[in-house]
Amino acid sequence: MNDMTPTREQREAALEGMGCKRKRVEDIRFTQGKGNYVDDVKLPGMLHGDFVRSPHAHARVKAIHTEEALKVPGVLAVITAETLKTVNLAWMPTLAGDVQMVLADGKVLFQNQEVAFVVATDRYAADDGVAKVVVEYEALPVLVDPFKAMDADAPVLREDLAGKTSGAHGPRKHHNHVFEWAIGDKDLTDAAFAKADVTIKEMISYHRTHPSPLETCQCVCSFDKIKGELTIWGTFQAPHVIRTVVALIAKIPEHKIHVIAPDIGGGFGNKVGAYPGYICAAVASIVTGKPVKWVEDRIENLTATSFARDYHMTTELAATKEGKVTGLRVHVLADHGAFDACADPSKWPAGFFNIVTGSYDFPVAHCVVDGIYTNKAPGGVAYRCSFRVTEAAYCIERAMDILAQKLGMDPADLRLKNFVKTEQFPYHSALGWEYDSGDYHTAMRKMMEAVDYAGLRKEQAEKRAAFKRGETRDIMGIGVSFFTEIVGAGPSKNCDILGIAMFDSCEIRLHPTGAGIARVGSKSQGQGHETTWAQIIATEIGIPADNIMVEEGNTDTAPYGLGTYGSRSTPVAGAAIAMAARKIKAKAQMIAAYKLEVHEDDLEWDIDGFRVKGLPEKVMSMKDICWAAYNSVPPGMEPGLEAVSYYDPPNMTYPFGAYLCVMDIDVDTGVYKVRRFYALDDCGTRINPMIIEGQIHGGLTEAFAIAMGQEIRYDAEGNVVTGSFMDFFMPTAVETPHWETDFTVTPSPHHPIGAKGVGESPNVGGVPAFSNAVNDAFAFLGSTHIQMPHDFWRNWQAAKSLGVLA
Amino acid sequence: MIPGPFDYHRPASVSDAIKLLADLGDEARPLAGGHSLLPMMKLRLATPAHLVDLHGIAGLKGICRDGDRIVIGAMTTQAELLASAEIGTSLPILHETALLIADPQVRYRGTLGGNVANGDPGNDMPALMLALDAAYRLEGPNGVREVAAREFYQGAYFTALEPGEILTGISIAVPPAGHGYAYEKLKRKVGDYATAAAAVVLTMAGGKVASCTIALTNLHETPLLATDAANAVIGTTLDDAALKAAATAARAIMQPASDARGPAEYRTHVGGIMVMRALQRAASRAS
Ligand SMILES: Cc1cc2nc3c(=O)[nH]c(=O)nc-3n(C[C@H](O)[C@H](O)[C@H](O)COP(=O)(O)OP(=O)(O)OC[C@H]3O[C@@H](n4cnc5c(N)ncnc54)[C@H](O)[C@@H]3O)c2cc1C
């Protein structure tokens, strides 16, 4: 060895593999304004489309007059439901097994519903055309309150479903009923409640909110009449699914559809489904023979494309007087809006809400979800969470606090007492999941130590006494949240979308000089896949991450994948990447054995190549193996070095974490201050700690927004009152608290690299931490549960109703 | 979010601007920083056929001292106010308030003239103008006139501006040295209009309030001068009872709308709290 020979540490570091805080390679272009987004796509002769939208939440459409609009210079066409009917596209299927109007067909069912699509030579002309379309409406009674949806005299919303007593998910019991989904053992649960020492019951609402990515939904559709091919550039979290949906509904052969998702400015679930804009732009392109662009504005995004949550969860817990939980019962009223456009795996109309037993060892549980229609925008997407997991986490974490209060126990102690124990994993939950791994007690204790939990409670007791003495108008809340997520959908045995199993895929090709390209079925929207995917490959096959280009989003080149949402990319695509890399490594080993003239079994892996066991200087680097793969492979072996893997996960993964929020609230104004927020996450193996931290920061900021004010609110007439960033709470850096992050590592036993997924944990675990802090602050004044969002005026209202305002 | 069609004009003098506005009539609107007008146009809530941009007119910008008064050109931006040492010394409440308006981007474009001429009850500067008893210089087809800010606001988006008139300058008497001031604004986030806000300018003598004006933002369809509230504290040491009396008197004239910032009851309640806090902070600054 001479001085020039790199040490093992240097060789390891040169790879920038797993565990490295590698800088995000995509940021080079993003920070220089060189990203390429859908709105950057400009094609010769491209037209622009824009919608006429309904001002009414529920009305009959008597007539649509387009004559004046067609006179506007530049306006070429106005598409209505009548136009779409000629190509059988007035309605489209939703991912949830319902159908949805593309354009108003006879009536409108929510404010800002798409009524007509104006196509023009530029965006200004399109909007001028929109202003000239005259629609005659006859207002109908509006249904806003989900609790009134199934009243006998509730207005009939979905006339198209008249007489249909069953839907995609079984029987319907009312004209505004979508489905009932029940799980668990009702009798055993009822029995547990009958003999419980202590029970609690509370209606816990998780209000309607919206993923609101920075870049709104948009597409460019270009139909080539000569070739009969349709190319769609779009903000798609799942490009292959979009291609299949288009093939099925537009009857274009799937190989003639090219879906390209370029850079995406955030998705958070908003960009999973298919929207009327996509269909209208495609039809407009087919009709005009020109490319057509459709770009949503902020108000359209907030009011018409998919919302999230709107779950109203009547929650009951049963426990012994010592604080051991013995049963859980939940009934959910799920407001789906006008059409069931949830983006859940097909067999899961309420997503994975049955993770609602959380981190606790419930012997029995029973859960029923009733989906209902109202005059609100359709959706129900997983806003930075696996399907309905954040609703479930909020439900159980709030309920545990309420139980602690009733028992007079500390909420942290109650959790410690009821956690699933490390030795119980793999753990079978009462509602049917097999938790793969966990170490809850360690995580919880680490959190409590880090924040000096006992000290905080002591300070709070002093503050409360001072408040009662009239010395301060601030109340202090400590919010504990311990969440268990279920992510990585999912095993083909129970997860599919439109019948396609929820695998994911990777194709790796290594080039002769020791570099390569990896194409993956996932689609980054900011998560940093180009960085982390290369790191997995670097560690697996010893090629520096910098030498691996990662490509996603083009359905012509990427292997079929189900896309990125529900924290599924690392658990599923990440596994496919590791498996494809391992196939390459196996072939590389054969090549190395041949070149080193030893038996394969005499080789061992050493960071970036193979060496002969016992002869450490006899080595062949992966770089050299790449070269050899293209000129001197063993006899009978095909040249080249590439592999494809389609990974069907054996189980979901179950990330978890312990969060704590300390908040002070001024009762006179309701103004809160988040004093401290600590987040411990266990996402198993950590691929890039810096990216993990970034994901946690972003997700916590969203959780903060949601819990403290972010809401899609309707008035009694069904008008959206929070339809822009003036009123829809989007915190800036000024409002955003400081985040402290921490971790433990409990690798997933079934995942090839032990990783579990992390992008959504902070949203899932953060919301209950904030809400519990607010509720904890008010608890000593006699309050049990205050609904979210906890914006200033609602905090003030809580203070007022508790009688503490002078 | 796409405005309707309009023509753009850029006159080089006040008289050209007035003539254009007179010729074009109702369909024309002056354009200052555009940060209230353009959002309205993008929503097509305003659809002027002509915009008369005031940026080409030299002399509409600037801050100067004229005896015991400060005169500020209508086209002076919030950022320029903030950069002015003269304002910092003579009218520090303008600095405090400008920093609570929107964000730096908006403040680089938005003008004081636009802010006070707009007539939106959410604008913060009008309340200051009431508290400081500012005078507005209006120029129009019939010449020049001065209107007191206290006479200017008639309803939401209704002001004393006559058709064809533009606001060219704002003149404010410099408050006495050692005066106390405060602008207390409750908002949900950076970039938000006030849920409730109160401006206080006062002087203290012998531990007692010698003079005081109070004005309120976004608690009625116009900014409000809270005279009774101010009278309730003059002559007092700003003890608890005086503060409460001021809050009660101020609340009596508030009539905020219920909106996403909260129901009217809440906004009225916190409006009173803003008054109390502004009084206390102003007094603590007075010498
Ligand atoms: C995100 C955001 C947040 C904001 N938050 C706040 C806030 O918290 N507080 C606040 O006070 N403001 C706020 N604003 C508004 C901002 O301060 C505007 O700049 C201001 O209200 C208008 O000033 P302007 O120069 O932009 O006027 P413009 O928008 O150009 O004009 C406003 C109106 O006044 C008329 N006008 C303008 N100048 C004259 C003149 N010299 N003579 C006669 N008429 C005239 C115009 O015709 C128009 O009707 C916010 C704006 C934005 C975009």
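Below, chains carry the letters A, B, ... as their sequence lines are ordered, and counting in each starts from 1.
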Peer 1: Where does A/F728 contact chain B at under 4.5 Å (heavy atoms): side chain, backbone, both or neither?
Peer 2: neither

Peer 1: May I ask you to check if B/R188 and A/F792 form a cation-pi contact, with NZ or CZ under 6.0 angstrom from the six-membered ring centre and within 45° of the axis?
Peer 2: no

Peer 1: Among the options B/M274, B/E265, B/R267, pick out the one with the most heavy-atom pairs lying under 4.5 Å from chain A.
Peer 2: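 The option with the most such pairs is B/E265.
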
Peer 1: Where does B/K42 contact chain A at under 4.5 Å (heavy atoms): side chain, backbone, both or neither?
Peer 2: neither

Peer 1: Answer with yes or no after comparing the ring centroid distance for B/F158 and B/Y153 against a 6.0 Å cut-off, counting only values under it.
Peer 2: no

Peer 1: Hey, what's the ring geometry for A/F704 with A/F770, parallel, tilted or perpendicular (30° and 60° as the breaks)?
Peer 2: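 Aromatic pair A/F704/A/F770 classed tilted.
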
Peer 1: Chain A heavy atoms under 4.5 Å from B/V190: which part of the residue, side chain, backbone, both or neither?
Peer 2: both

Peer 1: Please state whether the rings of A/W796 and B/H269 are parallel, tilted or perpendicular, taking 30° and 60° as the class boundaries.
Peer 2: tilted

Peer 1: Is chain B contacted by the side chain of A/D122, its backbone, both, or neither, given a heavy-atom distance below 4.5 Å?
Peer 2: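 Answer is neither: A/D122 stays 4.5 Å or more from chain B.
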
Peer 1: Flag the one option from A/R298, A/R794, A/M708, A/M730 with the top tally of heavy-atom pairs under 4.5 Å to chain B.
Peer 2: A/M730

Peer 1: Should the ring pair A/W294 and A/F51 be called parallel, tilted or perpendicular, given that the plane angle runs from 0 to 90° and is split at 30 and 60?
Peer 2: perpendicular

Peer 1: Check whether B/I2 gets within reach of chain A through its side chain, its backbone, both or neither, counting any heavy atom under 4.5 Å.
Peer 2: both

Peer 1: Can you tell me if B/E184 uses its side chain to pair, donor with acceptor, with the backbone of B/A278 under 3.5 Å?
Peer 2: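 It does not hold such a pair.
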
Peer 1: Which answer fits A/V671, side chain, backbone, both or neither, if we ask what part of it has an atom under 4.5 Å from a heavy atom of chain B?
Peer 2: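 Contact with chain B is through the side chain of A/V671 alone.
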
Peer 1: Can you tell which of A/R713, A/M726, A/Q797 has the highest number of heavy-atom pairs within less than 4.5 Å of chain B?
Peer 2: A/M726

Peer 1: With a 3.5 Å cut-off and no angle check, do the side chains of A/N301 and A/N270 form a donor-acceptor pair?
Peer 2: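 Present: a donor and an acceptor within the cut-off.
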
